[in-house]
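Heads up: the structure comes next, in structure tokens.
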Amino acid sequence: MSPALPSGLLGDLDPTSDRAVFRQIADQLREAIDRGRFGEGEKLPSEAELVEHYGVSRMTVRNSFSILQGEGLVHAEHGKGVFVRPRPPVRRLASDRFARRHREQGKSAFIVEADAAGSHPQVDSLEVKEEKASQDVSTRLGSVRRVLARRRRYLLDGRPVEFATSYLPLDIARGTQIAEPNPGPGGIYARLEELGHRLDHFEEEIRARMPSPDEVKTLRLASGVPVIHLIRTAFDTEGRPVEVCDTVMAADAYVLSYQLPAT
């Protein structure tokens with residue numbers, strides 16, 4: 001017999017409710033997480049403890065855990081148990097991440113965000129090549145036919161959190177440091193400005209969706225974790241689009257923060 005759970009940690013089932021028992025258990029666990037009774041990274045009661053507490057079968061408890069996993073609230077570790085998923089560590093502040101002062105300090109947007117989160121940034125799976133532009137990229141870049149594509153995956157403290165592909169017109173990027181694996185301090189935006197394309201503004205389109213199998217593998221996503229799909233276009237002061245960046249982010253790794261004018 002498993003030891004009893006601390007008094008008041010979880011409630012009792014309502015036998016008069018039309019709500020399925022496994023959903024009632026999931027509701028109580030969710031509420032306990034929301035109220036801070038189980039903190040980030042903390043282990044939830046075991047299957048055996050919940051079976052004993054509620055007087056239900058293991059399958060019922062597993063169905064309750066599946067609901068919480070599908071909501072992205074918890075994750076299971078084989079042989080260890082079910083744990084509360086940590087809150088997003090990175091705050092992506094749209095109004096600041098592309099500030100020129102960061103580029104002048106030799107920092108890319110990802111490094112700025114990693115520093116703010118107190119995390120160690122890495123980039124891997126880097127690929128740089130010339131290729132035919134897709135119809136969407138071509139339209140966004142002003143009907144170009146071929147582009148320089150820069151693909152990379154970003155990691156924080158060894159964990160993959162996003163992967164991105166930048167597409168740049170060949171007449172701008174070919175033969176420059178942008179076409180090198182390491183574009184230098186400040187990243188490709190610093191190089192664009194050195195080439196005379198002073199950045200004026202960015203346009204972003206954002207949507208949330210469930211990941212593809214390849215995205216699950218690349219970002220090592222747990223079950224139930226969605227992704228944030230962001231497409232950004234950078235414009236210079238002449239109004240020319242000089243880069244399209246297609247980014248897929250693990251939704252449990254980021255908070256997207258915006259400052260909007262009241263006028």
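Residue numbers run from 1 in the order of the sequence given.
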Short N-O contact, R209 and E215, less than 4.0 angstrom: yes
Distance check, rounded to the nearest 0.5 Å: D236 atom CG versus R198 atom CZ? 11.5 Å
Fit a plane to each ring of F202 and Y189, take the angle between them on a 0 to 90° scale, and name the class: parallel (under 30°), tilted (30 to 60°) or perpendicular (over 60°). tilted
Are L50 and L10 close enough, and set up right, to give a side-chain contact (heavy atoms from CB on, under 4.5 Å), and what steps lead you there? CA-CA 10 Å; L50 293 174; L10 295 171; 3.6 Å; yes
Do L168 and V242 have side chains that approach each other closer than 4.5 Å (heavy atoms only, starting at C-beta)? no
Donor-acceptor contact present, side-chain H53 to main-chain D12, <3.5 Å: no
Hydrophobic cluster membership, with links at side-chain heavy-atom distances under 4.5 Å among I/L/V/M/F/W/Y: are L192 and L170 in one? yes
After noting the C-alpha distance and the side-chain angles of L199 and E193, does the key distance pass the side-chain contact (heavy atoms from CB on, under 4.5 Å) rule? CA-CA 7 Å; L199 298 176; E193 295 206 320; 3.6 Å; yes
Whether the side chain of T60 engages the backbone of F22 through a donor-acceptor N/O pair (distance < 3.5 Å, no angle test) should be reported. no
Under 3.5 Å, is there a donor-acceptor pair between the side chain of E42 and the main chain of G39? yes
Distance from E131 atom CD to R146 atom CZ, nearest 0.5 Å? 8.0 Å
Using the rule that Ile, Leu, Val, Met, Phe, Trp and Tyr join whenever any side-chain heavy atoms are under 4.5 Å apart, tell me whether Y154 and L156 fall into a single cluster. yes
Linked, directly or transitively: V161 and I206 (ILVMFWY side chains, under 4.5 Å): yes
Go through the steps for V248 and T218 under the test side-chain contact (heavy atoms from CB on, under 4.5 Å), then give the verdict. CA-CA 10 Å; V248 176; T218 300; over 6 Å; no
dist M59:CE -> S64:OG (nearest 0.5 Å) comes out at 11.5 Å
Quick one: does any side-chain atom of S125 pair with a main-chain N or O of R152 as donor and acceptor, under 3.5 Å? no
Would Y54 and Q28 count as a side chain to side chain donor-acceptor pair (under 3.5 Å) here? Give the steps. CA-CA 11 Å; Y54 290 112; Q28 292 193 15; 2.7 Å; yes
Closest non-hydrogen atom pair, R58 against A48: NH2-CB, 3.8 Å
Compare every heavy atom of T176 with every heavy atom of A173, then report the nearest pair and how far apart it is. O-OG1, 2.7 Å
Any chance you could measure E162, atom CD, to L155, atom CG, to the nearest 0.5 Å? 10.0 Å
Testing V74, L73, L29, I25 for side-chain contact (heavy atoms from CB on, under 4.5 Å) with F65, which one passes? L29
Walk me through whether R30 and D27 qualify under salt bridge (charged side-chain N to carboxylate O under 4.0 Å, His left out). CA-CA 5 Å; R30 187 188 303 105; D27 292 342; 2.9 Å; yes
Which atom names give the shortest non-hydrogen contact between R220 and G158, and what distance separates them? NH1-O, 3.6 Å
P241 and G142 have their tightest heavy-atom pair at CG-N, 4.3 Å
Tell me whether R150 contacts the main-chain N or O of E180 through its side chain, where contact means a donor paired with an acceptor under 3.5 Å. yes
When you measure from the side chain of K43 to the backbone N and O of K80, does any donor-acceptor pair fall under 3.5 Å? yes
How far apart are the closest heavy atoms of V147 and A133, and which atoms are they? CG1-CB, 3.9 Å
Linking I/L/V/M/F/W/Y whenever their side-chain heavy atoms sit closer than 4.5 Å, directly or via other members, would V216 and I228 fall into one cluster? no
Separation between OG1 of T165 and CD1 of I231, rounded to the nearest 0.5 Å: 10.5 Å
Cluster question for you: counting only ILVMFWY and a side-chain heavy-atom cut-off of under 4.5 Å, with indirect links fine, are I188 and L141 together? no
Counting distance only, does the side-chain N/O of D157 pair as donor-acceptor with the main-chain N or O of H120 below 3.5 Å? yes
How about S57 and R62: does a side-chain donor come under 3.5 Å of a side-chain acceptor? no
Could you check if a side-chain atom of I178 sits within less than 4.5 angstrom of a side-chain atom of L195, using non-hydrogen atoms only? yes
When rounded to the nearest 0.5 angstrom, what distance separates OG in S212 from NE2 in H229? 10.0 Å
Crowding at CD, E77 (>12 non-hydrogen neighbours, <6.0 Å): yes
Considering the options E205, E243, E204, which one meets the salt bridge (Lys or Arg N to Asp or Glu O under 4.0 Å) requirement together with R140? E205
Could you tell me whether the side chain of R151 and the main chain of A149 form a donor-acceptor pair under 3.5 Å? no
Could you tell me whether a side-chain N or O of R191 sits under 3.5 Å from a main-chain N or O of P183, the two making a donor and an acceptor? yes
